[in-house]
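Report on the following structure.
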Number of protein chains: 2
Amino acid sequence: MSYKIKSRIWIEADNNVLLGQGRVQLLKAIAKTGSLSKAAKSLNISYKKAWTLLDSVNKSAKKPVTINSIGGKGGGGAELTDYGISLIRAFDEINQNCWDFLDKQIQKIDSL
Amino acid sequence: MSYKIKSRIWIEADNNVLLGQGRVQLLKAIAKTGSLSKAAKSLNISYKKAWTLLDSVNKSAKKPVTINSIGGKGGGGAELTDYGISLIRAFDEINQNCWDFLDKQIQKIDSL
DNA sequence: AAGCGTTATATTTACTAAAACATAACGAAA
DNA sequence: TTTCGTTATGTTTTAGTAAATATAACGCTT
């Protein structure tokens, strides 16, 4: 069996992590469910962990990534901003490009 | 301040990690010092951790990456095989290429 | 044969990160 | 004004990982 190359990418802003695999996954779940608590449930992570992640994302980003509301109809909720939607799309694209790039590079090792 | 993109790559063989950042660093230290214990000291990690890492590397690789000897002149030691030397060179090269590639991709996010 | 600095490995201890638990605040709706 | 499902936090407990400690085996050198 031949070697496989794997990678993780993430984006930082001022030495703080802005986006990584897990954060993107969380944002997608928020977009799908309309709330942070439902997103957390769907990913089988605790609400607190999800909240900490999302808080970190919004604190690191140049512009808000989500708009969160407390109370009111349905108790509140969270939704992505246009900026947030653009960010996750760009992240996914770069990530896929990186994988494709690395798959080409791995032959340097297979041929050793 | 603009966003920065970061990455970690690693190589797997049959679902086991063969090489990553830490393992390459360890192999380089072995090459420099001629022994696993000195390599561990130079990296400020325990001998056991270093040994476990190296053992995993050699078990995952198709061919031996180091030759270890016990006893004898100097007590023994460890040195890289030609294959091991080739592996870390290829890893470094692919890693650097990946960084360069990603630095070009990041502008997709800066322009959002 | 004794000493030395290694590799090799098991066992115990400490630390850190994750999970679990608990609770307050909010605002629309009934 | 009570209820409801959220967001927002603090505190405690658990678990998993890393470190520390201990010991055996090895083979050249003296």
Side-chain angles (χ1 to χ4, degrees), chain A residues 8 10 12 15-17 19-61 63-81 83-84, chain B residues 6 8 10 12 15-17 20-61 63-81 83-84:
Chain A
R8 303 289 298 252
W10 67 95
E12 291 187 5
N15 290 329
N16 298 310
V17 176
L19 274 190
Q21 196 115 321
R23 290 162 192 241
V24 166
Q25 201 175 17
L26 176 62
L27 293 177
K28 286 177 179 173
I30 290 171
K32 188 174 294 179
T33 62
S35 95
L36 181 54
S37 67
K38 285 188 186 126
K41 279 197 189 78
S42 78
L43 297 177
N44 283 319
I45 61 175
S46 70
Y47 174 82
K48 185 184 173 73
K49 181 173 179 182
W51 181 85
T52 304
L53 273 176
L54 181 59
D55 187 56
S56 169
V57 169
N58 279 315
K59 278 181 176 151
S60 303
K63 298 191 281 184
V65 172
T66 65
I67 301 293
N68 311 327
S69 58
I70 313 176
K73 182 184 174 184
E79 59 178 356
L80 297 196
T81 61
Y83 183 62
Chain B
K6 309 229 170 168
R8 301 289 296 256
W10 67 96
E12 291 188 5
N15 290 330
N16 298 311
V17 175
Q21 196 115 321
R23 290 162 192 242
V24 165
Q25 201 176 17
L26 176 62
L27 292 177
K28 286 177 179 173
I30 290 171
K32 190 175 292 177
T33 63
S35 96
L36 181 54
S37 66
K38 284 186 188 130
K41 279 197 189 76
S42 79
L43 297 177
N44 284 318
I45 62 175
S46 70
Y47 173 82
K48 184 185 173 72
K49 183 174 179 180
W51 181 86
T52 304
L53 271 177
L54 180 59
D55 186 56
S56 169
V57 168
N58 279 316
K59 279 182 176 150
S60 304
K63 297 192 283 184
V65 172
T66 66
I67 301 292
N68 311 326
S69 58
I70 312 176
K73 181 183 174 186
E79 60 177 358
L80 297 196
T81 61
Y83 183 62

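Labels below follow one simple rule: chain letters A, B, ... track the order of the sequence lines, proteins then strands, and each chain is numbered from 1. Here the structure is a predicted model, which means the values were calculated and not measured.
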Quiz item: How close do A61(A) and Y83(A) get, heavy atom to heavy atom, and via which atoms?
Solution: CB-CE2, 4.4 Å
Exercise. Would you tell me if any nitrogen or oxygen in the side chain of N68(B) comes within less than 4.0 Å of OP1 or OP2 on dT6(C)?
Key: no
Exercise. Could you check which of dT6(C), dT7(D), dT6(D) has an atom nearest any side-chain atom of A78(A)?
Key: dT7(D)
Exercise. Taking the side chain as every heavy atom from C-beta outward, state whether T81(B) and K63(B) have any pair of such atoms under 4.5 Å apart.
Key: no
side-chain contact (heavy atoms from CB on, under 4.5 Å) partners of [X], counting only residues at least two apart:
X      : answer
T66(A) : L27(A), L54(A), N58(A), N68(A), L80(A)
K48(A) : S46(A), T52(A)
A39(A) : L26(A), A29(A), I30(A), T33(A)
N16(A) : S60(A)

Quiz item: Hey, which of these two, I45(B) or G77(A), hits DNA chain D nearer its 5' end, going by closest nucleotide?
Solution: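 The residue mapped nearer the 5' terminus is G77(A).
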For [X], what residues pass the salt bridge (Lys or Arg N to Asp or Glu O under 4.0 Å) criterion, not counting sequence neighbours?
X      : result
K28(A) : D92(A)
K49(B) : none
E79(B) : none

Quiz item: In residues 22-37 of chain B, what residues come within less than 4.0 Å of DNA chain D, judged by heavy atoms?
Solution: none
Please tabulate, one pair per line, each protein N/O and nucleotide N/O from nucleotides 9-13 of chain C that are separated by under 3.5 Å, including the distance.
from: dA10(C); atom 1: N7; to: K48(B); atom 2: NZ; distance (Å): 3.2

Quiz item: Does S56(B) have any side-chain hydrogen bond (donor to acceptor under 3.5 Å, both in side chains) partners at least two apart in sequence or in another chain, and if so, which?
Solution: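 Scan of S56(B) (side-chain hydrogen bond (donor to acceptor under 3.5 Å, both in side chains), adjacent residues dropped) gives R23(B).
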In whole angstroms, how far is the [atom2] atom of [N] from the [atom1] atom of [X]?
X      : N      : atom1 : atom2 : value
K49(A) : dT9(D) : NZ    : C1'   : 18 Å
I67(B) : dT7(C) : CD1   : P     : 14 Å
L53(A) : dT7(D) : CG    : C1'   : 15 Å
N58(A) : dT7(D) : CG    : C1'   : 13 Å

What pairs of nitrogen or oxygen atoms, one from the protein and one from nucleotides 25-30 of chain D, lie under 3.5 Å apart?
from: dC26(D); atom 1: O2; to: G71(B); atom 2: N; distance (Å): 3.0
from: dG27(D); atom 1: O4'; to: G72(B); atom 2: N; distance (Å): 3.2
from: dG27(D); atom 1: N3; to: G72(B); atom 2: N; distance (Å): 2.9
from: dC28(D); atom 1: O4'; to: K73(B); atom 2: N; distance (Å): 3.4

Quiz item: Which salt bridge (charged side-chain N to carboxylate O under 4.0 Å, His left out) pairs, counting each pair once, include a residue from residues 32-45 of chain B, with sequence neighbours left out?
Solution: none
